[in-house]
Structures are given as C-alpha cells and as structure tokens.
Amino acid sequence: MSGDQLHNDSQIEADFRANDSHKHKDKHKDREHRHKEHKKDKEKDREKSKHSNSEHKDSSEKKHKDKEKTKHKDGSSEKHKDKHKDKDKEKRKEEKIKLSSGDIKIKKEKENGFSSPPRIKDEPDDDGFYASPKEDSKPLKRPREDDDADYKPKKIKTEDVKKAKKRKQEEEEDSKAKKAKNKDKKSPEADKRKKPKKEEEQKWKWWEEERYPEGIKWKFLEHKGPVFAPPYEPLPENVKFYYDGKVMKLSTKAEEVATFFAKMLDHEYTTKEIFRKNFFKDWRKEMTSEEKSTITSLSKCDFTHMSQYFKAQTEARKQMSKEEKQKIKEENERLLKEYGYCVMDNHKERIANFKIEPPGLFRGRGNHPKMGMLKRRIMPEDIIINCSKDSKVPPPPPGHKWKEVRHDNKVTWLVSWTENIQGSIKYIMLNPSSRIKKDWQKYETARRLKKCVDKIRNQYREDWKSKEMKVRQRAVALYFIDKLALRAGNEKEEGETADTVGCCSLRVEHIKLHPELDGQEYVVEFDFLGKDSIRYYNKVPVEKRVFKNLQLFMENKQPEDDLFDRLNTSILNKHLQDLMEGLTAKVFRTYNASITLQQQLKELTNPDDNIPAKILSYNRANRAVAILCNHQRAPPKTFEKSMMNLQSKIDAKKEQLADARRELKSAKADAKVRRDEKSKKAVESKKKAVQRIEEQLMKLEVQATDREENKQIALSTSKLNYLDPRISVAWCKKWGIPIEKIYNKTQREKFAWAIDMAEEDYEF
DNA sequence: AGTCCAACTTAGAATACACATA
DNA sequence: TATGTGTATTCTAAGTTGGACT
C-alpha cells in the first residue's frame, strides 16, 4: 500500500521540469493580493458556505478573526496593545522566576553533587571523527593521517564494548520496544555510573549517559554572555550622501541607517516598493527634525557614493596582506575561545550563535510585508541571561546592566532578547553537536511510527467515509501529510508575515481538481507557497474517495476560503497524539524521509559500482528525499558557468582518451610485428593508461550528472534534519565508503552519536 | 475551543574559507 | 602568487509544538 508513498522517479522528473522557474512569486503576488482584499468579507462568505457545506451544524464559528479588526488599524491601537502585552509578560515572568528558582533549590538539596564547581573537560578542537573500536575491525577503509591521530588507546576498547551494550539497552528502552526477555538485567551498576576517568582523553559520549528527568535540561550552566555587535563607526568625511543632487551631511544616527540601505543597493530588495516604504518610514524616525524636513522622498536620495565606498572596503579587505588577515583570524579565534563555549554539566560545549545579531534592515523571505524595516541595535539592557545560580554570572559591559538574570534549568538557552520586527524572542543556544540537541529521540519517534503507520493509514482511510465533516477533513489532511510530506500548516497572523501555507492552512485556490489529466484519474494539482515562500507545485493522482471529499470541501467556497475549514494543527496533533504517543504532524516528514532514503539506497546501490558511482547513488537517494520534502534552492549564480567548465574538462578528457586509445592501437600493431618483450610491455602500459583515463572520465561524468540533477535541489536540509544518520552510517559501513565522503566535519560532529552506534545492519 | 506565546527545530541565502589552477 | 571556484560555515528567518490562560 505504500507504493504511492513516494513519487516514482519519472514523476519526480516531470514535476521538476514543470517547475523550472521555481519561485513564481510574481504569479502568486496577484493571488495573494486578492486574498488580502477578500479576507474582510471572508466571514460573511464563510457564513454562507458553512451551512450548505456541512452535514452537521455547529453554531460556534471556528475562526473568529475579530482581533484583526481591533488590531492594526493605526499606530496608536497597536501601541496600546503592545503595552498590554508587555505588562502581562512581565507579570508572568515574575511568577515564573519565583517558581523555577524554588524548583532549583529543591533540586539542589537532592542532588548536592551538582552544585559544586564543575570539573571542566577540554574537548579536542580537531576533527571530531574518530574510529570507534568496533569500527576498527570492519572493512571500512580508514582515512588519512589526520584521523589516525584520534585513535584511542587499546585499553579503552573493552570498556567501550561494555558501554555499547548498555547503550543498546537504553536504546531499546527508548524506542519503547519493551521486550521483557532482553530486559532481565538492566544492570544496576550502570545506573549509578560515575563520570568515567577516561573521559579526559576522549570525546564525551553523552548518548551513553542517563537521561535527565522530564523537563530538566541541565544542572549546571556557566557562560560568558553574548558578544555585542561592534558600535557604529561613522563614515570618513569624504564619503558623501546626496539628496536631490546636493551633498548632505547626515547625523550619526541617520547616517548609520543610511549605510544599511547603501550596503544593499545592489540587492533586488531595494527595488521593491514595500521594502523602500518600510525603510524610509523607519529611517525617518532616526533623523533629526531638520533632516526630516529636508529628506521627504527616498527616490531623491543618492547612496551610490556610500555604496562604492563599502565595495572598495570589501575589496581592500580581500587585498590585505597575509599578516593582516592572520591577525583578524586570530582575533576571531580569541573571541570564539572566550565566548564560543559554555560549561554545561561538567562539559565544555560549543555555542551556536554567541554573537548578537547586528542592527540592519529586515530581510523577510518572499513577499514579506515588513521587509526593509529597521532591526534595531540590541543593548545589554535588552538581554536576559540564563545560567545556573551557582555559576559565575557573566558581567554586563561596563556602564550597562542586563535586563534580567534568571536561573531556569527547564530551558536550554543561555541568552535571549526580544526582537523588534515581529516581537518574537531570539535565543542563544548550543551547537547541534551538543548533548542538549539530541535529535536521536526524534528518529526514535519516527521509528515508532514505522511500527504503527499501517494501522494509522487504515484508520484515516476509514475516516474518509466518516459522517462528521471534521473527521473527514482531518483524514484527508493527514493523507496529504503522509503521502506528500506536507508541513502541518499553522494559521498565521495576516499582514505580519508573507502569505504562505501548509497542509491545514491550504486554501481552495491552492488546489485544482482534475477528474482526468494526462491519462490519469483523480488528479489534484497543488500550487502554493510554503515555508520561506518556496513554491510547492505537484500534480498527484489520489484515491477516488479523497477526490470526492475534496470536491465536497470546496463546495460553495470562495478561492480564498480555507480548504479544511474545520481543521487546524492543534486538532490534528491532538488526534495524532491519541494514535501514538509523541506523534505529531512533523513526525511523518521525518519518517517518510528516512524510510525513503533507506529504500532508495537499497534500490539504487549497485554492489559492483566503484566508490564514486556508489556515492552518486547515495546522492540520488538523498535527492529523492529532498524532492519529497520540496527542498529547493535558487540555482547558484555561477551554475551555468561551472557546468560549462566541467563540460570542457570532460571534452578534454575524451580527447585524451581517444589519443590514448590510438596509442594503444599502434602499440598493439607494433607488438604484433615485433613480438618482443619490450613492445608487449608497452602495450600493457598503454592499456593501463587507457583504463586510468576512462576512470577519470567516468568520475567527471558522474560529477556532471550529480551537479546537473542538483541544480535547484538542496540536499543539506534533509541530510541535516530528516534523515536518520544511522542509515547513512550503516550504508557506508556496508559498502566500505569512508564516512567523510558523505558527511563533512560539522556533520560528523553533529552525528557523532550515530557514527558511534550504528552497525552495518542497522534498520531504520 | 480558541488565543497567545515561549521554546525549540527547520530553512535557504549570504558569506567566509580552502583549495585548485593558471 | 593571484585568482577563481566549490564547499563549509554563519546567519537569522520561518516554521512546529505544547502549555498557560481564558
């Protein structure tokens, strides 16, 4: 039944061809516009359509969007609302602090040991990949010297095997596969395991440790606080800004904001009406009153001189001498060393983003109503520090104060602040390789879904026939999420963000129904903008019952009405929770991505292929997933050129091959005549040369194919977020592919747990 | 049930960097 | 030795989810 889970190959190709200019934002703009206009009348329309549409009246209107009306009518009401929000926030925060600090106290009394100053272990900064002892015995081709440096002493080996055993137990436990037979000896000694001494000399294997109780994220946390953006440096006197053709000296504040625009002058953004409007509005707020009265039109502003200055600056930076570059590098390293790490529960861990986002102009994706707005500078007074009570609290910069210091070990972030564009909270958190980011659990949940997915599929098929509209909609939506790996699709506040949708928020205008199309029956044509305003375009044959349901859902609705008017993500996820513990809409994406990779790897890997060809197969399997998840990218600007380069290389190689073949031929002829050892040898060596060149040519051609197929598909997102790394590790082990052909250094760090624990026979 | 929002994951673009090549 | 190109890293926007509150 899962045959239709994945588009078949030819279909994938077809979809993409149809999709060649992949971001048809313009086409959508028009539609979006209509959508907005119409929203106002939407209530009315829905009112009308509702009754005819549903078998089953319910008086409570689902989406009361009254809030919209009261909200952004003008600046004043918005302000008012904001104030309110702030107050509420403050109140809640206070309560929270009290609560959590109390919690900590209790905890501490219980777990005394953890509050003592931690023993810090330095993690080696080098290449994170090392061979685990288990791997040593495998045929896996071991790489070059740099990896050898990491080999562990023999002694640890035995120790590790034990650990691995324990870990396996835990893993089973984790996946809720509670098979009593295997469980008889859940080694008691393992539970109270102390920090092993050998930790000094190797990477910390957090995945072999016990997990914390629900909700507790850490017991000790110490860090140096954030690094702020460098202060603004006014432009040199000779760099001019012109207004209406005349030189104008700007105040520092106004000048700073002007430089943000000047730096983006070459970017398409600055040509967009909304961007310009938003920018100008915010810029004016930074101006002195004289400036304000002079500068009344953005089109009379001339930033070109400023822009040239910045270009010259970047050019100069490139031209810097080695020593100067080295100096900068060292300075960066110093910063990283000091602020780039924190101590969390006895371990030094890398922080992902320790630098505060500098001020600038907001660059929303797609058709974002707020693009061009000024992202203000973040000051220490905006910053909330989170660390443990018994740690050294980072001092604020001289003359400044933190907004707040809290000690909440129920969250993972170290620093937070509220951003001024959407009013959302930004965080400083740890690197993906850290313990706290265990995506391992995510894959275990997906594997649990594997066990019950058939049941769930049968269930939603049944639900297509339900008497209740809500249930039917839920079932059809779930079918899409499962079959097409769509995102859940939360409602979004209108006018605050780009108009994008996911499954639950699909509107009637986003699908077209074709009772018959290109010889297929019941085809649904999807065309909408998803996350990051990436277009999703797909024609999918569906089951008759789904088709009929869709027709029903669309009856008497306007294009801008919700397709699933009785459904939202919260309803859907609640239902999923009942079907399986921990199941949410996004688990389907993870599950389908990983299972697809595994399937495709099985199908595409040819045992007789050499390594480059096998890697091409891997990339193709990866690509199938990226297509399923609709991970697209803009074709690289240099794509055509680089393709041509590659092609000329191939041509050259072909010529070389022809030459080599000719030489071989004549050598053979020669040998036939002479029949001596020397000429025989010559033939042999020519043969080898031909072979070598053939191989090189093959490699180049494979590379060309790979690149061409990758033109507008981004593999990295699925690789990083959706594919159970153990599948890839197992595949590498099975076929003797060095892991670094598949994962770069960062990825190996992130997936260290999988590299360590997956065997060649791992099954997702 | 609906709203709001904190916290966390997922995402593509921009930029930095390393390495190959002329 | 500079330059160009491909890859890795950084950046930060934009999703999902769940819990508190109403």
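Since we're looking at a predicted model, the values are computed, not measured. We name chains A, B, ... by the order of the sequence lines, and we start the count at 1 in each one.
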Does [X] have a side-chain nitrogen or oxygen under 4.0 Å from the phosphate oxygens OP1 or OP2 of [N]?
X	N	answer
A:H267	B:dA13	no
A:S642	C:dT5	no
A:K217	B:dC8	yes

Exercise for the section: Counting heavy atoms from C-beta on, name the nucleotide in B:dA11, B:dA13, C:dT10 closest to the side chain of A:R350. Expected result: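 Per side-chain heavy atoms of A:R350, the pick is C:dT10.
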Practice task
State which of B:dG2, B:dG12, B:dA7 makes the closest approach to the side chain of A:I534.
Solution key: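 Among the listed nucleotides, the one closest to the side chain of A:I534 is B:dG12.
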Which word best sums up how the rings of [X] and [Y] line up, parallel for under 30°, tilted for 30 to 60°, or perpendicular for over 60°?
X	Y	answer
A:Y536	A:F528	parallel
A:F275	A:F261	tilted
A:W413	A:Y427	tilted

Practice task
Would you check if the side chain of A:K442 reaches a backbone N or O of A:N721 as a donor-acceptor pair within less than 3.5 Å?
Solution key: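 Pair found, side chain donor or acceptor close to backbone of A:N721.
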Handout entry: Closest non-hydrogen atom pair between A:H267 and A:R363, with its separation
Key =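 For A:H267 and A:R363, the tightest heavy-atom pair comes out as CD2-NH2, 3.8 Å.
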Separation of atom [atom1] in [X] from atom [atom2] in [N], rounded to whole Å:
X	N	atom1	atom2	value
A:N630	B:dG12	CG	P	8 Å
A:K329	C:dT10	NZ	P	12 Å
A:M429	C:dT10	CE	P	18 Å
A:K442	B:dC8	NZ	C1'	11 Å
A:K741	C:dA8	NZ	P	12 Å
A:E749	C:dA8	CD	P	13 Å
A:D439	B:dC8	CG	C1'	13 Å
A:N744	B:dA18	CG	P	13 Å

Looking across every strand, which nucleic acid part, if any, lies under 4.0 Å from [X] by heavy atom: base, sugar-phosphate, or nothing?
X	result
A:T412	sugar-phosphate
A:Y427	base
A:N645	sugar-phosphate
A:R589	sugar-phosphate
A:K719	nothing

Exercise for the section: Name the residue closer to the 5' end of DNA chain B, choosing between A:K470 and A:K637 according to the nucleotide with the nearest heavy atom. Expected result: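 Nearest nucleotide further toward 5': that of A:K470.
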Handout entry: side-chain hydrogen bond (donor to acceptor under 3.5 Å, both in side chains) between A:N409 and A:S388, worked out
Key = CA-CA 7 Å; A:N409 73 346; A:S388 56; over 6 Å; no
Handout entry: A:K327 with A:E330: basic N within carboxylate O range, under 4.0 Å
Key =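 Answer for the salt bridge query: no.
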If you restrict it to nitrogen or oxygen atoms, what contacts under 3.5 Å exist between nucleotides 11-17 of chain C and the protein, and what is each distance?
| residue | atom | partner | partner atom | Å |
| --- | --- | --- | --- | --- |
| C:dA13 | OP1 | A:K375 | NZ | 3.0 |
| C:dA13 | OP2 | A:K426 | NZ | 2.3 |
| C:dA14 | OP1 | A:R365 | N | 2.7 |
| C:dA14 | OP2 | A:H368 | NE2 | 3.4 |
| C:dG15 | OP1 | A:T500 | OG1 | 3.0 |
| C:dG15 | OP1 | A:D532 | N | 3.0 |
| C:dG15 | OP2 | A:K492 | NZ | 2.7 |
| C:dT16 | OP1 | A:A488 | N | 3.2 |
| C:dT16 | OP1 | A:G489 | N | 2.7 |
| C:dT16 | OP2 | A:N490 | N | 3.1 |
| C:dT16 | OP2 | A:N490 | ND2 | 2.8 |
| C:dT17 | OP1 | A:T584 | OG1 | 2.8 |
| C:dT17 | OP1 | A:A585 | N | 3.2 |
| C:dT17 | OP1 | A:K586 | N | 2.7 |
| C:dT17 | OP2 | A:N573 | ND2 | 2.9 |

Exercise for the section: State yes or no: are the ring centers of A:H631 and A:Y722 separated by less than 6.0 Å? Expected result: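 A:H631 vs A:Y722: aromatic centres under 6.0 Å.
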